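I have placed the structure first, in the form of structure tokens, so that the comments after it can refer back to it.
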Amino acid sequence: MDEIDRKILQLIQENFPLTACPFKDIADGLESHQELSEVDVIQRIGALKKSGVIRRIGAVIDGGAIGIVTTLLGAKVPEDSIDAFADVVNSYSRVTHNYLRDE
């Protein structure tokens with residue numbers, strides 16, 4: 001990851017353009033690197049995604065601003081019940097993610 005990748009990450013995290021050509025706008029926003037094209041930005045983001053630096057690109061919505069209450073839940077589940085527990089949790093459409101972590 002180089003300086004250009006870091007600048008791209010900063011732009012997509014802080015102010016992703018909601019336009020018809022967001023990746024062109026990102027390229028245009030890299031003033032000191034005007035040789036970058038829309039295709040270059042897409043390729044760099046693809047490489048960052050492939051390497052695991054970027055997991056996903058998506059909106060982070062302030063639930064409170066639109067009247068949704070969010071909850072963080074932690075549960076201690078016996079090891080032999082983890083899969084069944086995850087199936088139940090995942091059956092709810094409003095669950096955005098869950099994961100297993102070490103204590």
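This structure is a prediction, so every number in the text was calculated from the model and none was measured.
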Across all chains, not counting sequence neighbours, the ring pair (Phe, Tyr, Trp, His ring centres under 6.0 Å) partners of Phe16 are Phe23
- Message: Could you see if Leu36 belongs to whatever hydrophobic cluster contains Ile57? Use Ile, Leu, Val, Met, Phe, Trp, Tyr and a side-chain cutoff under 4.5 Å.
- Response: yes
Given the rule that I, L, V, M, F, W and Y join up when any side-chain heavy atoms are under 4.5 Å apart, are Ile4 and Met1 in one cluster? yes
Note to self: Is the shortest side-chain heavy-atom distance between Glu38 and Ile26 below 4.5 Å?
What the structure shows: no
Residues passing the side chain to side chain donor-acceptor pair (under 3.5 Å) test with Asn98, sequence neighbours excluded, are Asn90
CD1 of Ile54 to CG of Leu9, rounded to nearest 0.5 Å, is 5.0 Å
What one should report as the nearest heavy-atom pair of Pro22 and Pro17 is CB-O, 3.3 Å
Side-chain donor/acceptor pairs under 3.5 Å, residues 42-52, sequence neighbours excluded:
residue, atom, partner, partner atom, Å
Arg44, NH1, Asp2, OD1, 3.0
Arg44, NH1, Asp2, OD2, 3.3
Arg44, NH1, Asp5, OD1, 2.7
Arg44, NH2, Asp2, OD2, 3.4
Ser51, OG, Ala47, O, 3.3
Ser51, OG, Leu48, O, 3.1

* To do: Return yes if some donor-acceptor pair links the side-chain N/O of Gln10 with the main-chain N/O of Arg6 below 3.5 Å, else return no.
  => no
*Between the main-chain N or O of Ala84 and the side-chain N or O of Asp87, is there a donor-acceptor pair closer than 3.5 Å?*
no
Hits for side chain to side chain donor-acceptor pair (under 3.5 Å) against Thr19, two or more places apart or cross-chain, chain-then-number order -> Asp25
Members sharing Val69's hydrophobic cluster, built from side-chain contacts under 4.5 Å between Ile, Leu, Val, Met, Phe, Trp and Tyr, are none
>> Let me check something: do Ile8 and Val39 share a hydrophobic cluster, defined by ILVMFWY side-chain heavy atoms less than 4.5 Å apart, either directly or through other members?
In response: no
Note: with side-chain heavy atoms under 4.5 Å as the link, the other cluster members for Val88 come out as Val77, Ile82, Phe85, Val89, Tyr92, Val95, Leu100
Heavy atoms of Asp40 and Glu35 approach each other most closely as OD2-O, 3.7 Å
